[in-house]
Protein chains: 2
Amino acid sequence: MTLERLKHLSVELSAQETVLSGRILPAAHIFQREDVTAFEAVVYNPVICLILQGRKEMTVGDQFVSLAEGDALLVSHDLPVTSRITDASAEAPYRALIFSLDVSILRSLYEQVGEAVTEAHDATSLAASAADPAWTEPMVRYLELMDAPLDAQVLGPMILKEIHYRLLLSPIGGMLRKLLSVDSHASRIAKSIQRIRASFREPLAVGDLAQAAGMSQSSFHEHFKSVTGTTPLQYQKDLRMIEARTLLERGIPSVSVAGFEVGYESPTHFSRDYSRKFGCSPKHHLARAS
Amino acid sequence: MTLERLKHLSVELSAQETVLSGRILPAAHIFQREDVTAFEAVVYNPVICLILQGRKEMTVGDQFVSLAEGDALLVSHDLPVTSRITDASAEAPYRALIFSLDVSILRSLYEQVGEAVTEAHDATSLAASAADPAWTEPMVRYLELMDAPLDAQVLGPMILKEIHYRLLLSPIGGMLRKLLSVDSHASRIAKSIQRIRASFREPLAVGDLAQAAGMSQSSFHEHFKSVTGTTPLQYQKDLRMIEARTLLERGIPSVSVAGFEVGYESPTHFSRDYSRKFGCSPKHHLARAS
DNA sequence: ATCCGTCCTGCCAAATTCTCCGACACATCT
DNA sequence: AGATGTGTCGGAGAATTTGGCAGGACGGAT
């Protein structure tokens, strides 16, 4: 079974990873943890994540996903998620195989595939499903290149392309297809998302975004939510909070400055929002460099 | 262990229940199911529910609770929840012991206990915890009365009062105490809830409610949410939807009429909201009497 | 101990976002 | 044809955000 093979390969790969595999197989990455974690908030990039061992839970907006061994998670676009590992130990660490997705590859493939694909109607930005040999099999072939740098250099990109292709056509690829389809609602929302990400420190003008996307405000909100799982402002706030947290942990002088840095004018309010998001006050995350 | 004793007693009680136990032990009720259910929406009354066997999950507003054997759930006031039984079979049915709570008893006790109680700060309307002998022990004594009708008539109310007393002082009783404390925010919200329940078919005037509760709109929303887990309008909508569903299942002539009955003017919109809430269109729930 | 600055929590009003809700058009089903 | 379901929109109003201000907690410094 290909899943077993992948587990085996990933152990091998993670043994080498510190050295140079990053250069040989740039798209694959093994993530490993030996203990359970509390909820952590991060921003995901487009990625497919296959759980090889352990368990993980995640929340984005209102939806909740639970992943076990053999499950895979397809993230179609940048998304602030909150996740934790719920099953991991020194003997059986949590281990996941992560493939970064390259949107330009997807786009070029989509142009070839074109409209020949049926539209999933309930596509979500966070699609989970059991691993499918259609794309795990090329993943195996990709990982097998780790010991043959020259092969990897030539064949690697080809196999990568195949993986993208399989994902694009797979049942969980619904959101990918929507995002790529030119001028679909989803793709226009994707543009809005990029705009928010580019300037999340500035105040948000939802009206402008809606107009730029060519929708009424109500439609814009609806589509935005269906793509991201949250509202525009929430999305921005999540970005701000995650940024604030890294600032604090990196040892920014004070809480107020951190709040100001990410776009809050009122430290009071920043503190309140922060506590709501992370469950404890910003001061607790401030690096104890002093 | 008292939990084992309760299990035993509840099996006995449920064997008799059809006959007359309802009159002998009016406050206790055994709920039993031999199979797993899909999510169902109902309105809970104030109640303490102790899981004797099986598992249950529930959602109210944004919080999510998972209950296993030996867990108890304290519902402090009327609340529209969505729940399902996730672990039940013919051999090991889901079984729960349910005690209705009597607010007037609680109130009279609270007057005696008065301020001698420490306030829990994170009180929620749906408090879950492991069963505590402090109140399971009197529950045992209550159930043991089932074979002695005369004893039950005299001692029953006393023991009930004791159960209420223990719950009121227990760690999970935080919300109960808040609700009872005269003129606390929680108690004023409770009044608003009653007003919504009494006239959920009419359009909602949140401003009036806030004013009646003597708070600013923002404070009102905040407190309302902390007590109920949702916003006033959501709360009303949940009531409407649950009512609509029973109407449909009872065989109301048409979908439009059902929508109109619960306060919607536009059948179009009613249909959409209904699908969002229950996952399938109102027509599917319309009794197939035709 | 007393002061002082920083941070946290409660409350509010104004502003903005977001959702509701009815309207209409159109596809579907029976 | 009639009833129902889905997409879109505009306007109303519900809900949240935001910043301000007051009061309290905490932790150094003096």
Side-chain angles (χ1 to χ4, degrees), chain A residues 61 121 185 196 203-211 213-226 230-237 240-241 248 253-260 263-277 280-286 288 290, chain B residues 61-62 121 185 196 203-210 213-226 230-237 240-241 248 253-260 262-277 280-286 290:
Chain A
H121 207 69
H185 286 143
I196 296 176
L204 189 60
V206 184
D208 293 358
L209 285 179
Q211 200 161 25
M215 308 180 204
S216 75
Q217 283 222 14
S218 19
S219 282
F220 180 72
H221 278 291
E222 195 175 345
H223 285 117
F224 192 95
K225 200 160 199 174
S226 95
T230 25
T231 63
L233 201 64
Q234 283 299 330
Y235 187 96
Q236 188 200 36
K237 189 166 22 172
R240 286 180 168 187
M241 284 306 166
L248 287 169
S254 79
V255 171
S256 319
V257 175
F260 183 71
Y264 281 82
E265 309 251 332
S266 138
T268 292
H269 182 225
F270 168 69
S271 168
R272 184 176 16 240
D273 273 6
Y274 192 95
S275 305
R276 266 209 274 268
K277 170 80 179 170
C280 68
S281 58
K283 185 160 207 177
H284 285 141
H285 288 160
L286 190 55
R288 350 204 165 297
S290 56
Chain B
D62 40 9
H121 208 68
H185 286 142
I196 297 176
L204 189 61
V206 183
D208 293 357
L209 284 179
M215 308 180 203
S216 75
Q217 283 222 13
S218 19
S219 282
F220 180 72
H221 276 117
E222 195 174 345
H223 286 117
F224 191 97
K225 201 160 198 173
S226 93
T230 27
T231 63
L233 200 65
Q234 284 299 331
Y235 187 94
Q236 187 200 37
K237 190 164 28 170
R240 285 181 168 187
M241 283 308 166
L248 287 168
S254 80
V255 171
S256 319
V257 174
F260 183 71
V262 299
Y264 281 82
E265 310 248 333
S266 140
T268 292
H269 183 226
F270 168 68
S271 169
R272 183 177 13 241
D273 272 6
Y274 192 95
S275 306
R276 266 209 275 266
K277 170 81 180 170
C280 69
S281 59
K283 186 161 206 177
H284 285 140
H285 287 159
L286 189 54
S290 55

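In what follows, chains carry the letters A, B, and so on, assigned in the order in which the sequence lines appear, proteins first and then strands, with residues in each chain numbered from 1. The shown structure was predicted, so the numbers you read here are calculated from the model rather than taken from an experiment.
- Dashed line: the shortest gap from a side-chain N or O of B:Lys237 to OP1 or OP2 of C:dC20 is under 4.0 Å.
- In this structure, A:His223 and B:Ser281 both approach DNA chain D, and ranking their closest nucleotides by distance from the 5' end singles out B:Ser281.
- The shortest non-hydrogen separation linking B:Met215 to B:Phe220 is SD-CA, 3.8 Å.
- Residue B:His185 places at least one side-chain N or O closer than 4.0 Å to OP1 or OP2 of C:dC11.
- Nearest nucleotide to the side chain of B:Asp273, out of C:dC18, C:dC21, D:dC9: C:dC21.
- Of the listed nucleotides (C:dC7, D:dA15, C:dC12), C:dC7 has the atom at the smallest distance from the side chain of A:Val255.
- In this structure a side-chain-to-backbone donor-acceptor pair under 3.5 Å is missing from B:His284 to B:Cys280.
- When the nearest nucleotides of DNA chain D are assigned to A:Gly214 and B:Pro282 by heavy-atom distance, the more 5′-ward of the two goes with B:Pro282.
- Between B:Gln234 and C:dT19 there is no side-chain polar atom (N or O) within less than 4.0 angstrom of OP1 or OP2.
- Contact record, B:Val255 with B:Phe270: O-CE2, 3.7 Å, taken as the closest heavy-atom pair.
- Across the protein-nucleic acid pair, A:Lys277 atom NZ and D:dT17 atom C1' stand 16 Å apart, rounded to whole Å.
- If you find the closest nucleotide of DNA chain C to A:Thr268 and to B:Phe270, the one lying nearer the 5' end belongs to A:Thr268.
- In this structure, B:Phe260 has its ring center no closer than 6.0 Å to that of B:Tyr264.
- For A:Ser254, no side-chain nitrogen or oxygen approaches OP1 or OP2 of C:dT6 to under 4.0 Å.
- Here D:dG5 presents its C1' atom at 13 Å from CZ of B:Arg276, a figure rounded to the nearest Å.
- With rounding to whole Å, B:His269 atom NE2 is found 9 Å from C:dT19 atom C1'.
- Considering only side-chain N and O atoms, A:Lys225 lies under 4.0 angstrom from the phosphate OP1 or OP2 of C:dT19.
- Atom OH of A:Tyr235 and atom C1' of C:dT17 are 18 Å apart (whole Å).
- Atoms CG and CD, on B:Leu204 and B:Gln236 in that order, are 4.5 Å from each other to the nearest 0.5 Å.
- In this structure, A:Met215 atom CE and D:dT8 atom C1' are separated by 11 Å, rounded to whole Å.
- One can place CD of B:Glu222 at 19 Å from P of D:dA14, the figure rounded to the nearest angstrom.
- A distance of 8.0 Å separates OG1 of A:Thr230 from NZ of A:Lys225, quoted to the nearest 0.5 Å.
- Within the 4.0 Å cut-off from OP1 or OP2 of D:dG13, not a single side-chain nitrogen or oxygen of B:Gln217 is found.
- One finds a side-chain N or O of B:Ser256 lying less than 4.0 angstrom from the OP1 or OP2 phosphate oxygen of D:dT4.
- Scanning atom types as modelled, no donor and acceptor separated by under 3.5 angstrom connect the side chain of B:Ser271 and the base of D:dG5.
- If you check every strand for non-hydrogen atoms under 4.0 Å, A:Pro232 touches sugar and phosphate atoms only.
- Interface remark: the B:Arg272 side chain does form a donor-acceptor pair with the D:dT8 base, using a distance-only criterion of under 3.5 Å.
- Within the structure, every side-chain polar atom (N or O) of B:His221 is placed at least 4.0 Å from both OP1 and OP2 of D:dT16.
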How does DNA chain D look in dot-bracket form if you count Watson-Crick and G-U pairs under 3.5 Å, write [ ] for pairs that cross, and put | where a base pairs with another strand? ||||||||||||||||||||||||||||||
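- The nucleotide whose nearest atom lies closest to any side-chain atom of A:Leu233 is, among C:dT17, C:dC7, D:dT4, C:dT17.
- When the C1' atom of D:dA14 is taken as reference, atom CG of B:Asp208 falls 13 Å away, rounded to whole Å.
- B:Ser266 and B:His269 get closest at one heavy-atom pair: OG-N, 2.9 Å.
- In terms of phosphate contacts, A:Ser218 brings no side-chain nitrogen or oxygen within less than 4.0 Å of OP1 or OP2 of D:dG10.
- The heavy-atom pair separating B:Leu248 from B:Ala258 by the smallest distance is CD2-CB, 3.8 Å.
- Counting all heavy atoms, side chain and backbone alike, A:Gly263 lies closest to A:Arg240 at O-NH1, 3.7 Å.
- Spacing between atom NE2 of B:His285 and atom P of D:dG5 amounts to 11 Å, rounded to whole angstrom units.
- Put simply, A:Ser266 has no side-chain N or O that comes within less than 4.0 Å of OP1 or OP2 on D:dT18.
- One finds a side-chain N or O of A:Ser275 lying less than 4.0 angstrom from the OP1 or OP2 phosphate oxygen of C:dT9.
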